[in-house]
Novice: 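Before anything else, here's the structure in question.
Here is the naming used below: chain letters follow the sequence lines, and residue numbers restart at 1 for every chain. The structure displayed is predicted, hence computed values, not measured ones.
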Amino acid sequence: MKFNNVIKTLLIPFLLVLVWWIGSYLKLWNDYVLPSPNRVFAVFITMIKSGELIEHVLSSLSRVMIGFTIAFLFAFAIGVYAGLSPKKTIYYNLIVEFMRHVPPLSLVPLLILWFGIGEKSKIIIIVLAAFFPMFLNIKKGIAFCNLKLLEVGDTLGFSKLKKFYKIVLPYALPDILVGMRIGFGYSWRAIIGAEMIAAASGLGYLILDAQQMSRSDKIIVGIFTIGLVGVLCDRLVAILINKLLHGGVKDSWS
Amino acid sequence: MKFNNVIKTLLIPFLLVLVWWIGSYLKLWNDYVLPSPNRVFAVFITMIKSGELIEHVLSSLSRVMIGFTIAFLFAFAIGVYAGLSPKKTIYYNLIVEFMRHVPPLSLVPLLILWFGIGEKSKIIIIVLAAFFPMFLNIKKGIAFCNLKLLEVGDTLGFSKLKKFYKIVLPYALPDILVGMRIGFGYSWRAIIGAEMIAAASGLGYLILDAQQMSRSDKIIVGIFTIGLVGVLCDRLVAILINKLLHGGVKDSWS
Amino acid sequence: STKNEIPSNGTSEEAKFYNASKIAVTYVKSPLNVPSIIEKNKGFFQQHFDEYNLPVEYSNLTTGPEQTQALASGDLQFLNAVGATSVILAASNGSDIKIISMYSRSPKAFMLFANDSQIKTAADLKGKKVAGPKGTILHELLIAYLKTAGLTEKDIEFISLGIPDSQAALVSGEVDAALLAGPAAYNIKKAGNMVLTTGEGLVDATIVVATSQKFYDENKVLVDTYLKAQKFTLDYMRKNYDEIVQITAEETELSIDAVKEMYTMYDFIMEITDKDIEGMKKTEQFLFDNKMIDNHVDITDILIK
Amino acid sequence: MEVLKIAGVKIENLYKNFSVDGKEIPVLKNLYLNIEEEGITVIVGKSGCGKTTLLRLLAGLEIADRGQITLDVKGKLGMVFQEPRLMPWLTVWNNITFGLNKGTYTKEFIENLISLVGIKGFEMAYPDQLSGGMMQRVAIARVLAYKPSIILMDEPFASLDYFTRETMQKELINIYKQSKKAIVLVTHSIDEALIVGQNVVVLKDGQVSNSYNLSKYTYPRDILNDNFVKIKKEILENI
Amino acid sequence: MEVLKIAGVKIENLYKNFSVDGKEIPVLKNLYLNIEEEGITVIVGKSGCGKTTLLRLLAGLEIADRGQITLDVKGKLGMVFQEPRLMPWLTVWNNITFGLNKGTYTKEFIENLISLVGIKGFEMAYPDQLSGGMMQRVAIARVLAYKPSIILMDEPFASLDYFTRETMQKELINIYKQSKKAIVLVTHSIDEALIVGQNVVVLKDGQVSNSYNLSKYTYPRDILNDNFVKIKKEILENI
Ligand SMILES: Nc1ncnc2c1ncn2[C@@H]1O[C@H](COP(=O)(O)OP(=O)(O)OP(=O)(O)O)[C@@H](O)[C@H]1O
Ligand SMILES: Nc1ncnc2c1ncn2[C@@H]1O[C@H](COP(=O)(O)OP(=O)(O)OP(=O)(O)O)[C@@H](O)[C@H]1O
Ligand SMILES: [Mg+2]
Ligand SMILES: [Mg+2]
């Protein structure tokens, strides 16, 4: 059964690689833009052996983790506040909505002006990418809390805070988790944008540098590594969360 | 009361502009990167008068609308399928998760190779940006449908399809709406990335071109227009949806 | 695409064949590509290709790598203004790309600015932070400038940033020096920042026009027409100075004075001279020495034959 | 062994376990039961004895671990759940017509149902604006609108007051008299079982411990009558 | 006018409207009621007459349009809702201890409550693994664990069978006897009202139409006794 699942999981990826291999073999597309799997694999192995790849992965991971954590803390705080006090949103809604629609890439010169070319600017790009889906999902989860269950808290004399962590929070958990997953995906995706700002390492840097150097084999290695590490992290967090939440809460985290 | 709300809404933006104005006046920052509000406003007016700005807005809007619609259709189809048949996800989950973590910007060379430098590539960038939050939210909404209500459909002899549109869909609506909002935000944000690919008009192009021409006043006008048009669209969709959904369904679309 | 026969105008030329349904070219107006601006404004390409009933399409692909990728994908027929550096990079990585003529040489338009009045010579850059776009003419300029003081890139801290971002980094004091070109350079210069050096004497700053060998082999006549149009444009520019300055100023939204001042920095002559080939060889060597390419490229091989 | 062919529902050798916290809980054990095609069958039993489970098995919402359920009824099956289970996003009117296809019913039909269950004036109200008993009555109206030929009802009148309950019981008997449907009613009120039941079945320890055929008593019944008092006592002893 | 100071709950001149589909529905109209600090007050009335609304007003979950509710009870107020309202993500045990602070109760206390309401063996089950009646009993256990000095109960025994109901009624009387709490019970069963009530209040048209003081009758009561039969008849006529 387990082996069976591995096969099912890898079926489509395997077919895609096969098509890629055959296409390259038959020269169906330009080798300059999409090199053959063999060449990409060779570069991949070289980069692993030299330790270059792992260095890029760690460097990006640490950036993304910091950015994601900050984004989550903000999203949680503001999302909870917005969910619990919907009337106050009018004060900051415009600014939040505005920022939600502005491409972080367009802000790079301003970020450099204010926050320099160090880690700060890069992390802000990641935060901007990850904040909003978490914010909106958390807000929705909190705001939609079942009123009937909340009243139970009222009749048990719960304080606002107690009602929050004993009823609202568990109830909103599936929404929060979905938001976190989406947010993590976006923070991971943002490394290209973040590492545009004067990075010297990281997977985004790897890809940008390879683009500038017209090294499409390295670009593909970069893309694969980003995708795979992203999936892996997602899985890891999923397992962790499933361990933490003992039963009762379905999470659609499949 | 209504006037009051306008004031509340504009309070913080007004303060920010004030700070900006004072800072520019006192030359607290470099005029090249962040020009004074006066200058930006003058350029804004000129660009409106010449019709240039509205042209860019319309051009970006039509791209985003097409991309968003495609992304929504896919997200809906796959999200619903995934929500209803969770066992089948194993076949395509890896590929979806992979794509979810790959920065669309890194795919530009491949997109050019396969889809050329026309509208197709630009729209794919937008689709890639908007698809995943919608997909995950829709999937979650569908998968979490109240089993007790579904059983009512069973006992009324509903077909799978009928159960879907009479129970599952209305139940999942809040999730779908949140997903659409997040998705729209991202599709709108993606215009910079999309219009990096050989665009000749659009707000993303405006900003990129202004960057090339070192016109920071135009960059700021571009950023503002992107943000404001985004907020406006969001509002518009909100109002439309509230009109369509007669009562009963809260939507956190505040 | 179809194989078309040129409608014969009665002259008894041998039939010329071509294999294209449109002429897609890149349109790059920065740093100050006057020929592109004038040509598009006047529609000179279209005039020349009307004879073949081929529509001319413009694509705003500004970065070198994107241009060479789009050429490789077959979506573009001509790269109207692409850095020689990008062509060499692409060729080194196996792309079918060939230079058909020169676009410009403008070493004076590429500049290195210092933030700090303490920095006056190349030697002063030691240990400093310098921002600029990697693998470009500007990068090459920096290395060549450092070399004049016996320094290499290792002696400074090079920070890879695009031109707009380099400018922001410079004015915010994040870096000690920045490599800039085009309007950004003009603005910064006007703001009183010190120009450490321009590219003059250091790099040739060659921008070229490129297509692919495959396209050339199948469409010799179209490439010839293209060159004819390019020549026509350059001639027109020579004869109508005031008008072209006016058009350029409108298109770039720069002031007339700025255009006039910057225009002097560019040398728009399309013939490929030996000096150009020498310059490109130097660039190739620079790329190889700095490990930006793994395979040597013979410059004479990437000129169209 | 020859099996008599009976129209209606035939349950044979039915087993159903649930697992709670890793332990298997046997709920129905070797249950046999016949439900006639025309008649009101009432199921009584202690809270948690498996009445709801039995109805759910009949409705096909649960799958038996062993045994067999043979449904031989022409027409549809309808169910009133123990909870109202109304669609919170629909008005009372739309909840009642929820199971119907457009154009297959008249406005009067629904209006009649609404006054039958006594929720006139609340057609446009949403479920969260109703009282507990009103919601239950909407659920009953929803199933009646659906016109099933076998109706399973899980404590449908539990949260109704004496009079409303009486009205509903009378209505149930009327429905039976007019259309001779098969009605299976779960209730906690033995009185109710005696008032409406033609067959009263006592569920205990996963089996039918006793069953009483009351079809010879005509409606309306006087359950203070000695026979009924005797039966009531017996049921209470056996439950 | 001098107002007698009574410990307990004093309701004066209470008005409560709801708006449904744009129309105002008056639910409580000029209601006066005293609930004694020690005693079981039973509220009966037709489905939809406002019993739940009254309890919600007492619990502070709803705000009156007019009038006054004076609560003069030392200690906490607890409520059993008409629906179980259990937290679906918590086990039975955790649902029962839901309102308690850690360390303020002993394991035995909870175990006793669990056997009192008869759900032993289901401590680790989740609400969706319980039968309707079992859920209701968990909700009762939850409120008893909370040890309120005034308990509001909204049809708490509605989905319990005869015996379980009897047990719970006895237990309620025990709780009253031991701790002399104020208990307000809404029920549809007049019998239940007579078995446990010390004060039976009939709610009708938004007002108290009748009330019966039964505190002179000791527990256990024989409700087949003439007095009770008479009261029952009267209540049924007035409801
Ligand atoms: N989904 C489930 N998972 C685990 N156990 C279940 C499930 N559904 C029911 N049970 C168990 O099966 C037994 C019978 O439940 P059922 O709901 O059939 O009782 P009931 O007779 O309807 O009781 P009530 O009168 O209280 O509604 C109970 O012990 C209950 O805990
Ligand atoms: N939130 C609400 N919005 C609008 N109307 C409401 C609301 N809550 C209750 N009502 C109305 O108030 C009236 C009384 O409701 P209430 O729940 O108090 O009745 P009840 O006496 O508890 O009935 P039952 O015995 O059926 O539970 C009903 O007509 C109901 O429709
Ligand atoms: Mg049940
Ligand atoms: Mg009620």
Novice: Any chance you could measure E:H188, atom NE2, to D:S189, atom OG, to the nearest 0.5 Å?
Specialist: 13.5 Å
Novice: What option among D:K23, D:K51, D:M134, D:Q82 has the most heavy-atom pairs under 4.5 Å with chain E?
Specialist: D:Q82
Novice: Would you find more than 12 non-hydrogen atoms of other residues, nucleotides or ligands less than 6.0 Å from E:K16 atom NZ?
Specialist: yes
Novice: Once you round to the nearest 0.5 Å, how far does CG of E:D21 lie from OH of D:Y126?
Specialist: 8.5 Å
Novice: Does a donor on one side chain and an acceptor on the other come within less than 3.5 Å for E:S47 and D:R137?
Specialist: yes
Novice: E:I25 versus chain D, heavy atoms under 4.5 Å apart: side chain, backbone, both or neither?
Specialist: side chain
Novice: Can you say whether D:T52 sits under 4.5 Å from chain E via the side chain, the backbone, both, or neither, judging by heavy atoms?
Specialist: neither
Novice: Where does E:T187 contact chain D at under 4.5 Å (heavy atoms): side chain, backbone, both or neither?
Specialist: neither
Novice: Using a cut-off of under 4.5 Å for heavy-atom pairs, which of D:S131, D:A158, D:S159 has the most such pairs with chain E?
Specialist: D:S159
Novice: In terms of heavy-atom contacts, does CG of D:D222 have more than 12 from other residues, nucleotides or ligands at under 6.0 Å?
Specialist: yes
Novice: Working to the nearest 0.5 Å, report the span between CD1 of E:I190 and CG of D:D161.
Specialist: 8.0 Å
Novice: Measuring heavy-atom distances to chain E, does D:T53 have an atom under 4.5 Å in its side chain, in its backbone, in both, or in neither?
Specialist: neither
Novice: Starting at OH of D:Y162, measure out to CG of E:L236 and round the result to the nearest 0.5 Å.
Specialist: 5.5 Å
Novice: For the CZ atom of D:F18 and the CG atom of E:L130, what is their distance to the nearest 0.5 Å?
Specialist: 11.5 Å
